[in-house]
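To start, the structure itself, in structure tokens.
Start at 1 and go down the list; that is how both ligands and their atoms are numbered.
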Amino acid sequence: MGMTPLPVFVLLLLICFCKSDDRLTPAKPLSPGDKLVSNGGIFALGFFSLTNSTANSYIGIWYHHIPERTYVWVANRDNPIASSSHGKLVLTNGSNLVLSDSKGRTLWTTTNNIAADGLKAVAILLDSGNLVIRSPNGTDIWQSFHHPTDTMLPNMSLPLKNYTNFANHLVAWRGPDDPSTSNYSLGGDSSLQIFAWNGTRPYWRRAALDGVFVYAVYQGNSGPIMYQNIESRGDDFYLTYTVSKGTPSMRVLLHYTGMVKLLTWNGNSSSWDVFSEHPTPNCDRYASCGPFGYCDNTQAVPTCKCLDGFESDGLDFSVGCWRKKELHCSEEDSFVTLPNTKTPDDFLYIRNRSFDQCTAECSRNCSCTAYAYANLTSIGRTIDQSRCLVWMGELIDTSKRRDGLGENLYLRIPSLAVSKKKTGALKIVLPVIASLLILVCMYLIWMRKLRGRRQNKGHMDFGMQGQLSNSDEAYNQNSEFLRISFPDIVAATNDFSDSNVLGKGGFGRVYKGILEGGGEVAVKRLTKCSDQGIEHFVNEVVLIGKLQHRNLVRLLGYCIHGDEKLLMYEYLPNKSLDYLLFDDAIKSMLDWPTRFRIIKGIARGLLYLHEDSRMTIIHRDLKASNILLDADMRPKISDFGMARIFGDNQQQANTRHVVGTYGYMSPEYAMKGVFSVKSDAYSYGVLLLEVVSGLKISSPHHLIMDFRNLIDYAWNLLKDGNTRDFLDTVLLKSCSLHEVSLCIHVGLLCVQDSPSARPLMSLVVSMLDNEVMPLPTPKQPLYFVGKKHEAEEGRDNSVNTASLTTLAGR
Ligand SMILES: *[C@@H]1O[C@H](CO)[C@@H](O)[C@H](O)[C@H]1NC(C)=O
Ligand SMILES: *[C@@H]1O[C@H](CO)[C@@H](O)[C@H](O)[C@H]1NC(C)=O
Ligand SMILES: *[C@@H]1O[C@H](CO)[C@@H](O)[C@H](O)[C@H]1NC(C)=O
Ligand SMILES: *[C@@H]1O[C@H](CO)[C@@H](O)[C@H](O)[C@H]1NC(C)=O
Ligand SMILES: *[C@@H]1O[C@H](CO)[C@@H](O)[C@H](O)[C@H]1NC(C)=O
Ligand SMILES: *[C@@H]1O[C@H](CO)[C@@H](O)[C@H](O)[C@H]1NC(C)=O
Ligand SMILES: *[C@@H]1O[C@H](CO)[C@@H](O)[C@H](O)[C@H]1NC(C)=O
Ligand SMILES: *[C@@H]1O[C@H](CO)[C@@H](O)[C@H](O)[C@H]1NC(C)=O
Ligand SMILES: *[C@@H]1O[C@H](CO)[C@@H](O)[C@H](O)[C@H]1NC(C)=O
Ligand SMILES: *[C@@H]1O[C@H](CO)[C@@H](O)[C@H](O)[C@H]1NC(C)=O
Ligand SMILES: *[C@@H]1O[C@H](CO)[C@@H](O)[C@H](O)[C@H]1NC(C)=O
């Protein structure tokens, strides 16, 4: 009463200071109105109530730096503090947190069994959102991350097995204002999968672990990145999420509606963006296509279909599909391979088997309908790396994935011989099969030879592993590339010796390595701690690990060691195209026939990426320094760190984060961030003009006479029919002027301003093979002519310049 205003103010200030601490000690309990704030101000812990002030209250953790109050953890979700009472959170001398109300009732407590004698533990709220009880020796005795409510935060791990003292389920709130436990939960099923459960019934499922060690999730085409890892500790698996540094807050939420949501904070709109949501409306719910049906996600609208050899009435998929032809359970039953499959539920997990043993396991038992095999080496498994799954009876909750992930499912089908009608048909069929067999055998022998030769040359061949596809350009369904041990890489590269450096790129250095057997490899060592580096790494492993084409560089293996991330490629002795092409002293090594072959080879590689592989892949950074040359000067496209996969019906995409090399970037990409197969076509056109002229797109103006740039120069010379002047002077003797004109013409078609006017790579390939007559006339490219300055401004305004690779390339 007698107090002057000043001491009151000081007192308040003192209270605020001591209570906005990040820790709780036995001497300092937490009362309503107080809160703990993590060191970096990211999370806060305190009392809250959800509806108006008269309601129950809870202890929970929320984001402190986000204006929209968002709870990520609630301690006493099923035991609220009544509105008439006050709560108090105390850390006891026995290292337990205890929440009690003013009547002295305990509403929530941790149950650590630690002797109370003088242990000076503290409870700390960390910037990850984890509340830990930390003993003086630094051990965390208890952590809220082991007792999640409905939210999974980055760095938290969810065990796939049931544990005591370690909750393995997220449980949804009952309603928007009611945090009590509902019937919806999400968690492991004691083997290899994750389910969302409605009570005891599953309504969504994530397929069994297949050894793909990481899935990356992007927002748009860059920006926030979340990695989903499966970690193996001993015999147990954990699901974890990590995010790259600088990404906005992200969380996985089991929403009170039962939806599994991945949310990211959008600071611009001050709200949570839903990044993904399951189950999606179209046949994503558990078993929605019935037994032996599957959800085909490669369709624009995913729809139910029947597995090979099965049929349905086409109306009601909930009853599933049935066999067109009964199995006879004979020795001749065979297996058909279904790639990119989300494996079905209800398998038997047979331990310690090789692939062949797994096949045998299924083929010898008539009730076995399918099997699948994976090697869990890549997720760091050390004991029993095999994962042999067999299905006895119905196959349920299967789908076909559109993103190139998923695995091979081997489905039992009746033997061919039994299913064919005898006599007449057989007479025709048998010779056909026989001749096919002969062809296949010849092909096998030929491939063996080829592989033998490759190995003799010292190139290791990890990709084929005896799996043969019907053409050497085909996607290799079973490619399993190696995880390589760090010591092996250190040995091969002479401990990353400077004398082994082959080059330096935006993401790190490339070293030459020599393997124990003498094979030569190139090792890319990604710069540590770079988020872009991680994205790049994931892209390369997930993407080019799955691609095979003679004009694409081969990834042989990878290594993760602490924060080292390394990629191993085939070694290409002739360096990169820019190295030879722009050096006056050695450019004559590239005579015209070689250059023409290089031009065609790049076109074929690009065509494969765009149209012929299972996915549509946009490279986004095609340039001379990304074309490597093998011993025969065959071009190989490399560096897929910025590549993007498109879905079946996707024509173009947008990014706010333009990455690429200026000069090779199409106008719509540089200015608006729009990319498509046509923006790769543009880069190809620029590359083509460089190969013909021996001039860089970024050449100083005086090198290209009076013209604004290389494209303008080419257009004006072609217009006048004067292709000879455009040609690299060292080529004058070896060239065919007809081929040169053709190339310049095609190049100019590719660099037209309007994406729709540029040809697809399939057309480019036919044009270069002289199969298209007459060629359309290219429009004059105006965009960069005289507008170069503006374009650069546009880039600077809209783009984080730090992410651009250097103008000149490496
Ligand atoms: C809180 O009270 C106000 C007015 O009493 C009411 O309009 C509002 O809906 C209440 N909020 C909630 C979440 O119940
Ligand atoms: C904790 O121990 C201290 C002395 O070590 C004692 O003064 C205090 O009363 C104890 N607190 C509780 C809640 O037992
Ligand atoms: C996750 O853990 C890593 C390594 O321990 C740490 O560097 C990172 O800051 C953590 N992330 C968050 C969001 O806490
Ligand atoms: C740290 O203290 C805890 C609790 O007293 C104990 O269980 C643990 O073994 C200790 N760890 C170390 C490394 O001393
Ligand atoms: C997990 O274990 C606990 C206790 O051991 C048990 O009550 C619970 O039902 C188990 N949950 C599942 C999904 O097996
Ligand atoms: C939750 O499950 C129980 C028993 O399984 C059932 O009685 C109850 O109605 C369910 N609640 C909701 C909201 O579905
Ligand atoms: C969960 O089950 C209840 C009935 O038991 C049903 O009303 C509800 O729609 C189900 N929810 C989901 C997400 O399947
Ligand atoms: C927020 O706005 C800034 C500037 O307009 C933009 O660069 C950024 O990409 C936006 N972020 C999101 C998440 O939309
Ligand atoms: C795995 O199988 C091999 C033989 O196939 C056997 O020698 C080995 O002991 C088995 N390992 C385990 C862990 O069962
Ligand atoms: C085939 O598998 C079923 C189910 O596991 C089992 O009951 C049966 O004994 C097996 N038959 C043979 C011949 O192994
Ligand atoms: C898994 O792959 C690694 C490397 O390719 C190999 O050494 C190991 O034998 C494989 N394990 C199984 C069970 O196939």
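- Residues forming a ring-ring contact (aromatic ring centres under 6.0 Å, His included) with Tyr256 (at least two apart in sequence, or on another chain): none.
- The residues Asp296 and Lys400 are annotated as not salt-bridged, no charged nitrogen and carboxylate oxygen being separated by less than 4.0 angstrom.
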Verify side chain to side chain donor-acceptor pair (under 3.5 Å) between Asn365 and Ser367, making sure each step is shown before the conclusion.
CA-CA 6 Å; Asn365 190 327; Ser367 25; 2.7 Å; yes
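- The shortest N/O to N/O separation between Asn198 and ligand 7 falls below 3.5 Å.
- Polar contact with ligand 7: absent for Thr257 (N/O pair, distance under 3.5 Å).
- Near Arg285, meaning under 4.0 Å from one of its heavy atoms, ligand 7 places the atoms 12 (C), 13 (C), 14 (O).
- Ion pairing of Glu277 with Lys261 is present here, as a side-chain N (NZ or NE/NH1/NH2) and a carboxylate O approach within less than 4.0 Å.
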